Visitor: 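I'd like to ask some things about the structure below.
In this text, all values refer to a predicted model and were calculated from it rather than measured experimentally. Labels below follow one simple rule: chain letters A, B, ... track the order of the sequence lines, proteins then strands, and each chain is numbered from 1. Heavy-atom basis, side chains included; hydrogens, waters and symmetry copies ignored.
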There are 2 protein chains.
Amino acid sequence: MVTAPPSTDVSRLHAAAVARALSDPKRLCVVEKLGAGERSVSELSRDVGCQVPNMSQHLAVLRAAGLVASRREGSTVRYRLVDPRVLDACRLLQQVAG
Amino acid sequence: MVTAPPSTDVSRLHAAAVARALSDPKRLCVVEKLGAGERSVSELSRDVGCQVPNMSQHLAVLRAAGLVASRREGSTVRYRLVDPRVLDACRLLQQVAG
DNA sequence: GCGCGGCTTGCGTACTTGCGCAAGTGATGA
DNA sequence: TCATCACTTGCGCAAGTACGCAAGCCGCGC
């Protein structure tokens, strides 16, 4: 298997960083939207209901955690999920929270 | 099915709270330890390597998120996971972080 | 009752975060 | 070239967080 359960200090550190990135409702919403396909910053800020600079910061957080990646397309920048398992993580979080 | 993908605002709020609770390496470590069975506060603080009051606070955070529950046993207090899926969430976070 | 070990709580401090707003960068079209 | 749109970055502030330390609470044994 790819992932034995060693749980070293560093792996916990990274996992905590990922959890941190997912610990905001707006970012959770962004991840869900991106689960349906690429979106631009302005689309996401409209869907989530925040200003563009704010969304840009949230996306920067998600990117720093390695959860999303960006791609320039003409004058717009389109974001996507790096790993579809992030969506699973979101759903699992909601189940546990339920 | 148990898990439709509605993702209302409140469910995202709760999920974010859970993610928030898991967004600390020490708390992640605690969850893993508790995955192996009940532990007392002093055991956990020793394993994780922090002072008892600090561990107590981390446990309070996890309890506020509904992830752990406590039980008095004589003079000690033993904590346990409320839902084993929390462990799955931890593992998934580590995989995504990998 | 009394002290003691096990936990919790309160308090102060240093640090991080989310947000709005203004300014900067970069590509597009006139 | 210049104006414009899309996005990013810098800045300041209010709010939240982790930690250590000291004090309080609570069962248990003496």
Side-chain angles (χ1 to χ4, degrees), chain A residues 9 12-34 37-81 93, chain B residues 9-10 12-31 33-34 37-82:
Chain A
D9 286 2
R12 265 194 292 270
L13 210 73
H14 293 160
V18 170
R20 179 73 191 72
L22 296 177
S23 69
D24 182 284
K26 287 189 173 78
R27 288 196 289 265
L28 234 34
C29 190
V30 165
V31 168
E32 289 172 10
K33 300 290 183 194
L34 293 184
E38 285 190 345
R39 298 288 158 96
S40 69
V41 179
S42 43
E43 283 173 334
L44 290 170
S45 71
R46 207 177 322 112
D47 291 351
V48 172
C50 69
Q51 300 187 199
V52 172
N54 188 6
M55 176 53 64
S56 191
Q57 288 182 152
H58 282 303
L59 289 167
V61 170
L62 289 171
R63 180 164 43 190
L67 303 185
V68 305
S70 60
R71 177 177 69 87
R72 250 213 128 87
E73 187 180 81
S75 68
T76 76
V77 177
R78 300 184 75 76
Y79 280 79
R80 65 182 179 281
L81 286 185
L93 286 172
Chain B
D9 286 1
V10 278
R12 265 194 292 270
L13 210 71
H14 293 161
V18 170
R20 177 75 191 68
L22 297 177
S23 70
D24 182 284
K26 287 189 173 77
R27 288 197 289 266
L28 235 33
C29 190
V30 165
V31 168
K33 300 289 183 194
L34 293 183
E38 285 190 345
R39 298 288 158 95
S40 70
V41 179
S42 43
E43 283 172 336
L44 289 169
S45 71
R46 209 178 320 115
D47 291 351
V48 171
C50 68
Q51 300 188 199
V52 172
N54 188 4
M55 175 54 65
S56 190
Q57 288 183 153
H58 281 303
L59 289 167
V61 170
L62 289 171
R63 180 164 43 189
L67 303 186
V68 306
S70 61
R71 177 176 68 87
R72 247 210 131 89
E73 187 178 82
S75 68
T76 76
V77 177
R78 301 184 72 76
Y79 281 81
R80 65 182 179 281
L81 286 185
V82 165

Visitor: Heavy atoms under 4.0 Å is the rule here; annotate nucleotides 4-11 of chain D 5' to 3' with B where the base is hit, S where only the sugar-phosphate is, and - elsewhere.
Guide: --SSBBBB
Visitor: Using a 4.0 Å cut-off on heavy atoms, which residues in residues 18-26 of chain A reach DNA chain C? List them by number, or say none.
Guide: A:Arg20, A:Lys26
Visitor: Once rounded to the nearest 0.5 Å, what's the spacing between atom NE2 of B:His58 and atom OG of B:Ser45?
Guide: 11.0 Å
Visitor: With pairs taken as Watson-Crick or G-U wobble and both distances under 3.5 angstrom, which stems of at least three consecutive pairs involve DNA chain C?
Guide: C:1-30 with D:1-30
Visitor: Roughly how far, to the nearest 0.5 Å, is CG of B:Leu34 from CG of B:Leu67?
Guide: 10.5 Å
Visitor: Looking at every heavy atom in both A:Tyr79 and A:Val41, which two are closest together, and how far apart are they?
Guide: CE1-CG2, 3.6 Å
Visitor: What distance do A:Glu38 atom CD and A:Leu81 atom CG have between them, rounded to the nearest 0.5 Å?
Guide: 10.0 Å
Visitor: Nearest whole angstrom, please: distance from the P of C:dA27 to the CZ of A:Arg71.
Guide: 15 Å
Visitor: Check the pair B:Val30 / B:Arg39 against side chain to side chain contact (heavy atoms under 4.5 Å, CB included), numbers first and verdict last.
Guide: CA-CA 9 Å; B:Val30 165; B:Arg39 298 288 158 95; over 6 Å; no
Visitor: Would you tabulate the side-chain donor-acceptor contacts of residues 14-25 of chain A under 3.5 Å, counting partners in other chains and residues two or more places apart, or write 'none'?
Guide:
from    : atom 1 : to      : atom 2 : distance (Å)
A:Arg20 : NH1    : A:Ser23 : OG     : 3.0
A:Ser23 : OG     : A:Arg20 : O      : 2.6
A:Asp24 : OD1    : A:Lys26 : N      : 2.8
A:Asp24 : OD1    : A:Arg27 : N      : 3.3

Visitor: Give, for atom CG of B:Leu28 and atom CG of A:Asp9, the distance between the pair rounded to the nearest 0.5 Å.
Guide: 11.0 Å
Visitor: Tell me whether the side-chain N/O atoms of B:His58 come closer than 4.0 Å to OP1 or OP2 in D:dC19.
Guide: yes
Visitor: Mind checking what makes side-chain contact (heavy atoms from CB on, under 4.5 Å) contact with B:Ala69, not counting sequence neighbours?
Guide: B:Arg80, B:Val82
Visitor: Please state whether the phosphate of D:dC19, meaning OP1 or OP2, lies under 4.0 angstrom from any side-chain nitrogen or oxygen of B:Gln51.
Guide: no
Visitor: Charged N to carboxylate O under 4.0 angstrom, A:Glu43 versus A:Lys33?
Guide: no
Visitor: Restricting to salt bridge (Lys or Arg N to Asp or Glu O under 4.0 Å), what partner residues turn up for A:Arg72, sequence neighbours left out?
Guide: none
